[in-house]
Amino acid sequence: MDVELADQAQYTCKVITPLQEVQTHIQLIVSGESPEIINTFNKITIHEGEELLINCVARGSPRPALAWLLKDKPVLSSYLADVTMAESDFIEKRVKIKSATKIHEGIYQCVATNNVGSVVKNSHVVVIKRTKVSIASDEGPPEIRIQAGQKLKLPCRVENDERNRITNVNWKKDNKSIQVGVDDRIDFGYDGSLIIFNVQKRHEGTYKCTVTTLRDEASSEVPLRVIVNAPVITKSSPNQRMFSGTSLNLECISNGIPLPETKWTFNKTITNIVGEVYEVKSAISTDSGFYTCTAKNSIGETKKTIQVSVVTVHKLKEEYKMKKDSELILPCTRNSPDVKSEWQKGGSPISQTGEILVDNEGSLVFTSLAEHLEGDYSCSVQIIGGEQRVQKTKVRIIPDIVMTKSTEMEIKEGHNFTLKCDVLPGVNAKRMWKKDGELVFPESESGVDIVEQGGTLSVRSAKVSDNGVWSCVASTSWGRDTIEYTVKVKQIRQSRLACSELQPPVIQRIKSLSNTSVLLDWEVYHFNASCYEEFKIFWWTNQTNSFYYEQTVELKHRKATIGRLKPEMAYYFQVNLVRDSRLNVYHYGHTKTHWMAHITPEELPSSSNPKAVIIIVIIIIIILLAVLLLLYYKRKDVTDYLIERKKQKNGVEFAEFPTKLVANPDFMASLTPQWPEPDPDPTEDQSFIQQQRRLSRRRDSKESITSSWSSLFHVQSTEDITSEENYRDSLHRGRYRKE
């Protein structure tokens, strides 16, 4: 029993009996009690600047003394306060700090001590740094100013205690949640920052960043001002005039806040060119026109138009080789207020005559080429105030190469015709044939043949498609010559239908003959049977990846039976005309579907009475059974009959197989087995006897084993089976031994 201070008193012990009553007294004096801290200490977490208050209440006998320690050092007396207690054995002392800082953080110990003992209790005090938020730097201006069109990053700088975790970062504009529009590009960074791409005037306002932690909340705000200006084009290219084939860069430089975007149009048509430069590469005549650049930002837009003129200079050959008295046109550029062109021969201006002149397009025209017009020619093109170009060429007269003259021909359809391309004797010319400008090659199918090194082209069985201009081009090292034949094929109307004039085969009816076959009935109207080889029927099912089956039918037929079909299945049938079976050329007919419905036996057509068939089958079975029973009961007679037939035919049964073998005096002289020659094919009765003998040799008898080894080593057998009686006795003995 634990004695406490309250147990101190005088105790009486009384004993009562029937004869007497005795009692005694004893005084209990409790000299002291160890101290005890009776209040509970918990972990205390506060922010910097908050008040820290810790109580320590203890009791003991005698009343203990209290002391506060921090980091094993006494707490300053200015932070301690004694509290008067009503009971004499209780004592209380408090730690009170009005504005706590980080130096007041640590383990506070309350120590209670008297002459009996001491006791200690701890209180862990954590002082957390308050969270601070800032957007603009302390040294910078109180507001942020930025030009429109730029990228803006608003940081949300946070200073917080590492033990006070951030739970949320929230941005607001003018105390409202930020709304991201369709034209806005706003991003919230991982570090809590706010990023606005392409800042515009609508983004102006006061931005506030609020940071929430586990124990507190802090915020900061800053005003944003956006500076804007309408675009202005500060530099642009002048109107341009250029030769074809050259390249040009058109410039359109502009300024503005935000930075304007420059787009281009060509002859009022929108292009996909975006930027300050429009590049024209290898200009051609269609590049002439009006190029307009438009600089635009959120404040406004401005435009500038540049005119470009492309002067086309035709490219001349190095040399023109023509036949005498032929016409020749050398192209060049016509004169205009901004462009001047001039033709020269041998460095001197050309005098226009009836044989040579310059037309309105600036081309030099030779109406009739003669020897005195041969020479070097040049065309000079000058852009007023700009570039100059000179094109040079030579004109030469070449002798005739082809002797044949161009002509027109009229050919009846189906007739043959021949075209000649004769060159001068001794001239080595390469000849090519063309039809309507396309090269012609020999083809057996089209009936075209080219012989004599291109000198003759023949066409068999002219067709309407042979109409056109057939030309022969003869080329030599000094030039080329061309003749042309204008061929007209006169069409002959035929009474018979052409192969292309037909109507496709049409299935008239599909009739089910059984559960696996159908009858197809079709018709073909207005077709030329000489154009086709046969009919071919295709059929397939409605199943996925179904194979198709085919069957050929002669042209004279219009009906066919299709078998090996499946009941309860949908089929597609198609009758086609075969134009060429080797090349699989078909004229396809119409497709028709048919459902193979199940037909009951009563519905199927029958050519005989089923009852008669069953009766015939039963009779045949009875006859076979009777024959088998007769053979079984007469089996001995049959066997004897076969033996007698064999004796009459061959005499003694085993005369051809003598078993009296002569022993070899030198037993080990030859150990090679001497196998008998193969027997001739036995007759029916011989087969029966030999089968019985083979069965007897499988009895595993000692005699049979001896006989086998004797035969192998040429040893004389001790058993005589040359006669049928001995053979039967041996069989009897074998059976008996086995039994």
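By convention here, the first residue in the shown sequence is residue 1. The shown structure was predicted, so the numbers you read here are calculated from the model rather than taken from an experiment.
Annotation: the span from I510 atom CD1 to T593 atom OG1 amounts to 7.0 Å, rounded to 0.5 Å. Interatomic distance, I562 CD1 to I537 CD1, rounded to the nearest 0.5 Å: 4.0 Å. A distance of 8.0 Å separates CD1 of I270 from NZ of K263, quoted to the nearest 0.5 Å. Going from atom NZ of K268 over to atom OG1 of T305 covers 9.0 Å, rounded to the nearest 0.5 Å. The line from CG of D466 to CZ of F417 is 5.0 Å long, rounded to the nearest 0.5 Å. The distance from atom CE of M432 to atom CD1 of I450, rounded to the nearest 0.5 Å, is 11.0 Å.
When the shell of 6.0 Å around NZ of K592 is examined, it contains more than 12 heavy atoms from other residues, nucleotides or ligands. Other residues, nucleotides and ligands contribute more than 12 heavy atoms inside 6.0 Å of the CZ atom of R558. At most 12 heavy atoms of other shown residues, nucleotides or ligands fall within 6.0 angstrom of atom CD in Q453. Summarising the local packing, CG of N428 is surrounded by 12 or fewer heavy atoms from other residues, nucleotides or ligands at distances under 6.0 Å. The local environment of CZ in F197 is crowded, with over 12 non-hydrogen atoms from other residues, nucleotides or ligands closer than 6.0 Å. Within 6.0 Å of CD in E438 there are 12 or fewer heavy atoms belonging to other residues, nucleotides or ligands.
Among all heavy-atom pairs drawn from W470 and K435, the shortest one is CZ2-CD, 3.4 Å. Of all non-hydrogen atoms in N416 and S461, the two that sit nearest each other are OD1-N, 2.7 Å. The two residues A462 and I411 come nearest to each other via the heavy atoms CB-CG2, 4.0 Å. Across every non-hydrogen atom of P260 and P231, the tightest pair is CB-CB, 3.6 Å. Nearest heavy-atom pair across G289 and F266 is CA-CE1, 3.8 Å. Scanning both residues, L520 and I507, for their nearest heavy atoms gives CD2-CD1, 4.3 Å.
In terms of modelled atom types and a separation under 3.5 Å, the side chain of R202 and the main chain of V199 share no donor-acceptor contact. Within the 3.5 Å criterion, the main-chain N or O of M403 finds no donor-acceptor partner in the side chain of D422. Listed for the D191 side chain is a donor-acceptor partner under 3.5 Å among the backbone atoms of S193. The closest donor-acceptor contact from the side chain of D580 to the backbone of R582 lies under 3.5 Å. Panel note: side chain W433, backbone G454; a donor-acceptor pair is recorded below 3.5 Å. Between the Y485 side chain and the T418 main chain, no donor and acceptor come within less than 3.5 Å of each other. Listed for the W522 side chain is no donor-acceptor partner under 3.5 Å among the backbone atoms of Q574. Between the Y571 side chain and the K566 main chain, a donor and an acceptor come within less than 3.5 Å of each other. Not one N or O on the side chain of T262 forms a donor-acceptor pair closer than 3.5 Å with the backbone of T294. Proximity of a side-chain donor or acceptor of K434 to a complementary backbone N or O of V469 within less than 3.5 Å is not detected.
At a threshold of 4.5 Å between non-hydrogen side-chain atoms, the residues R185 and N198 do not count as touching. Residues C421 and T404 are not in side-chain contact: their nearest non-hydrogen atoms beyond the backbone lie 4.5 Å or more apart. With a 4.5 Å cut-off on side-chain heavy atoms, L194 and F188 count as touching. Under the 4.5 Å side-chain criterion, counting only non-hydrogen atoms from C-beta, V489 is in contact with E413. Contact check for S244 versus I284: no side-chain heavy atoms found under the 4.5 Å cut-off. A heavy-atom distance below 4.5 Å is found between the side chains of F535 and L555. For the pair S512 and V518, the minimum side-chain heavy-atom distance is below 4.5 Å.
Counting only N and O atoms by type, the side chains of K536 and T552 include no donor and acceptor under 3.5 Å apart.
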Steps toward side chain to side chain contact (heavy atoms under 4.5 Å, CB included) verdict (W264, C252): CA-CA 9 Å; W264 293 82; C252 183; 3.6 Å; yes
Audit row: K511, D521, side chain to side chain contact (heavy atoms under 4.5 Å, CB included) steps and yes/no: CA-CA 8 Å; K511 179 182 178 182; D521 186 358; over 6 Å; no
Chi angles and distances behind the side chain to side chain contact (heavy atoms under 4.5 Å, CB included) call for H203, D184: CA-CA 9 Å; H203 296 136; D184 292 331; 3.0 Å; yes
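Legend: residues meeting side chain to side chain contact (heavy atoms under 4.5 Å, CB included) with P567, ordered by chain and number and at least two apart, are N515. Listed by chain and residue number, I618 satisfy the side chain to side chain contact (heavy atoms under 4.5 Å, CB included) test with I622 (two or more places apart in sequence, or in another chain).
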Could you pull out every donor-acceptor pair under 3.5 Å between side chains of residues 629-638 and any protein atom, sequence neighbours left out?
unit_1: R635; atom_1: NH1; unit_2: Y632; atom_2: O; d: 2.7
unit_1: K636; atom_1: NZ; unit_2: D640; atom_2: OD2; d: 3.3

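Of the listed residues (F538, W539, Y572), just one forms a ring-ring contact (aromatic ring centres under 6.0 Å, His included) with Y548, and that residue is F538.
The pair E452-R431 does not count as a salt bridge, with every side-chain nitrogen at least 4.0 angstrom from each carboxylate oxygen.
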